[in-house]
Amino acid sequence: GTLVLVAAIGLLGIGSTQNQVEQLYGDRLEPVQALAAIGKLMADNRAQVLLALQHEPHGAYVSLHDHPLSTHLEAIDRNAAEISERWARYEKAIADDSHRQMAAAYVEARKRYLDDGLKPARAALAEGRYNDANLLLLKQINPHYTDAAKKADELYKYQVDQGKAQLTAATSSYQQVKFAVIGLLLAAVAAGHALRVTGWPNRLAAGATALLPRIARRRIAGKVTDTL
C-alpha cells in the first residue's frame with residue numbers, strides 16, 4: 001500500500017512538473033521568440049531603406065545592385081506584414097495590466113516609427129525622391145527605431161523575469177515531490193525493518209494456527225448440541 005502511494009505521488013508530481021514546463025514554454029519562450037523575430041524584421045526594414053537609397057540613378061553604388069529598386073520596397077512590405085501578424089499573436093498572450101501597459105507603449109513607439117518614418121520613406125523612394133528618403137531615415141526612422149527597440153527590450157526583460165519566476169516555482173514543486181517520495185520510501189523501509197525485528201508477522205501466524213483447532217472444536221460441539 002505504501003509503495004502504491006509513493007508511486008501515485010511520484011506520478012502526480014511528474015505530471016505537475018511537466019505541465020509547468022509546458023506552460024513555461026508557451027507563456028515565455030514563444031513570446032520571447034516572437035519579440036526577437038519582430039526586432040530582426042524592424043532592423044531589416046531600416047537596412048532595406050539604406051540599400052534602396054543606393055539605387056539613386058546618379059549615385060556611386062547604383063551599378064553594384066543587380067536588381068530593381070522594387071526588391072527593397074517589396075521586402076519592406078513583407079517585413080511589415082509579418083511584424084503585424086507576429087504582434088497580433090503576441091498580444092493574445094497578454095494577461096496582466098503591467099504587461100498590457102508595456103505592450104501599449106511599444107505599439108505607440110512602433111506606430112511612430114511606421115507613420116512618421118518608414119511609410120513616408122518608402123513612398124519617397126518609390127517616387128524617386130531619394131534626398132527626402134535620406135532625411136526621413138536620419139530624422140525619423142533612426143530615432144523612432146531606437147525608441148521602439150527600447151520598448152521591445154522592456155517587454156523582453158519582462159518575459160525573462162516572469163520565466164525565471166515560473167522556473168523557480170516549477171523547481172520548488174519538483175523538490176517538494178521528491179522529498180515527499182523519499183520520506184515515504186524511508187518510512188516504508190523503517191516499518192518493514194521494525195516488523196522483521198519484532199517478529200510480529202510470525203507470531204500472528206502462529207497464534208492463528210493455534211486458534212484454528214479450538215474454533216473447529218467449538219463448531220463441532222455446537223452442531224452436536226443443535227442435533228440434541
Side-chain angles (χ1 to χ4, degrees), residues 24-163:
L24 181 62
Y25 177 84
D27 290 352
R28 307 305 165 198
L29 183 57
E30 287 182 346
V32 165
Q33 289 175 333
L35 290 172
I38 288 171
K40 181 180 178 182
L41 291 166
M42 287 184 65
D44 186 61
N45 267 351
R46 187 168 64 158
Q48 293 297 332
V49 172
L50 285 166
L51 292 170
L53 286 170
Q54 295 180 358
H55 283 261
E56 185 177 5
H58 304 293
Y61 304 104
V62 64
S63 61
L64 299 178
H65 291 262
D66 59 355
H67 50 265
L69 171 67
S70 60
T71 299
H72 304 292
L73 302 183
E74 290 169 1
I76 290 172
D77 294 340
R78 285 195 306 272
N79 289 343
E82 186 176 347
I83 288 172
S84 296
E85 180 183 345
R86 286 180 177 272
W87 180 253
R89 292 202 301 268
Y90 180 94
E91 280 188 310
K92 292 179 181 178
I94 297 175
D96 61 75
D97 290 338
S98 61
H99 190 188
R100 194 169 290 107
Q101 290 173 0
M102 285 186 285
Y106 169 77
V107 169
E108 286 299 318
R110 181 175 175 247
K111 187 175 185 300
R112 289 191 295 270
Y113 164 79
L114 287 173
D115 295 345
D116 299 341
L118 188 64
K119 289 180 179 179
R122 187 203 180 284
L125 288 166
E127 296 168 5
R129 295 183 287 111
Y130 290 92
N131 187 57
D132 290 344
N134 199 13
L135 289 174
L136 284 165
L137 172 68
L138 296 174
K139 294 185 177 181
Q140 299 293 338
I141 291 178
N142 285 346
H144 289 319
Y145 170 83
T146 300
D147 185 40
K150 287 180 179 178
K151 298 295 189 294
D153 285 343
E154 292 175 4
L155 288 170
Y156 180 84
K157 183 178 182 301
Y158 170 85
Q159 294 291 354
V160 170
D161 290 345
Q162 292 296 310

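Positions are given from 1, in the same order as the sequence printed here. Excluded from the calculations below are hydrogen atoms, water molecules and symmetry mates; all remaining heavy atoms, backbone and side chain alike, are included.
- Leu73 contributes atom CG, which lies 11.5 Å from atom CG of Leu51 (distance to the nearest 0.5 angstrom).
- Classification of Glu85 and Arg89 as a salt-bridged pair holds, one side-chain N sitting under 4.0 Å from a carboxylate O.
- Ring geometry, His99 versus Tyr90: the interplanar angle exceeds 60°, so the pair is classed perpendicular (tilted spans 30 to 60°).
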For a quick test of your reading: what N or O donor-acceptor pairs under 3.5 Å do the side chains of residues 36-49 make, sequence neighbours left out?
unit_1, atom_1, unit_2, atom_2, d
Asp44, OD2, Asn79, ND2, 2.6
Asn45, OD1, Asn79, ND2, 3.0
Arg46, NH1, Asn142, OD1, 3.3
Gln48, OE1, His72, ND1, 2.8

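- When all heavy atoms of Ala109 and Ala148 are compared, the closest pair comes out as CB-CA, 3.7 Å.
- Atom-to-atom distance recorded for Glu30:CD and Gln159:CD is 11.0 Å, nearest 0.5 angstrom.
- Nearest approach of Ala121 to Ala133, heavy atoms of both residues: O-CB, 4.0 Å.
- Between Asp115 and Lys111 there is a salt bridge, with a side-chain nitrogen of the basic residue lying less than 4.0 Å from a carboxylate oxygen of the acidic one.
- In terms of heavy-atom proximity, Lys139 sits nearest to Pro143 at O-CG, 3.2 Å.
- Looking only at side-chain heavy atoms (C-beta outward), Asp147 and Arg112 come within less than 4.5 Å of each other.
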Would you please test Leu64 and Gln54 for side-chain contact (heavy atoms from CB on, under 4.5 Å) and show each step? CA-CA 9 Å; Leu64 299 178; Gln54 295 180 358; over 6 Å; no
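- A salt bridge links Lys157 with Asp161: the closest approach of a Lys/Arg side-chain nitrogen to an acidic carboxylate oxygen falls below 4.0 angstrom.
- For Val107, the side chain to side chain contact (heavy atoms under 4.5 Å, CB included) criterion is met by Trp87, Glu91, not counting sequence neighbours.
- Between Leu136 atom CG and Lys119 atom NZ the span is 14.0 Å, to the nearest 0.5 Å.
- Taken from OH in Tyr113 to NZ in Lys151, the straight-line distance is 15.5 Å, to the nearest 0.5 Å.
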So His55 and Leu125, side-chain contact (heavy atoms from CB on, under 4.5 Å) or not? Walk me through it. CA-CA 9 Å; His55 283 261; Leu125 288 166; over 6 Å; no
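- The distance from atom OG1 of Thr71 to atom CD1 of Ile76, rounded to the nearest 0.5 Å, is 11.0 Å.
- Asp96 places a side-chain heavy atom less than 4.5 Å from the side chain of Tyr158.
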Is there a side-chain contact (heavy atoms from CB on, under 4.5 Å) between Ile83 and Arg110? Walk through the geometry before answering. CA-CA 10 Å; Ile83 288 172; Arg110 181 175 175 247; 3.1 Å; yes
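- The two residues Tyr130 and Leu53 come nearest to each other via the heavy atoms O-CD2, 3.5 Å.
- When all heavy atoms of Gly117 and Pro120 are compared, the closest pair comes out as O-CD, 3.4 Å.
- Of all heavy-atom pairs between Val62 and Pro57, the closest is CG1-O, 3.7 Å.
- Under a 4.0 Å N-O distance rule, the pair Asp97/Arg100 qualifies as a salt bridge.
- Atom CD of Glu74 is separated from atom CG of Leu69 by 9.5 Å, given to the nearest 0.5 angstrom.
- Look at Glu82 and Arg78 and you find no salt bridge, because none of the NZ, NE, NH1 or NH2 atoms lies under 4.0 Å from a carboxylate O.
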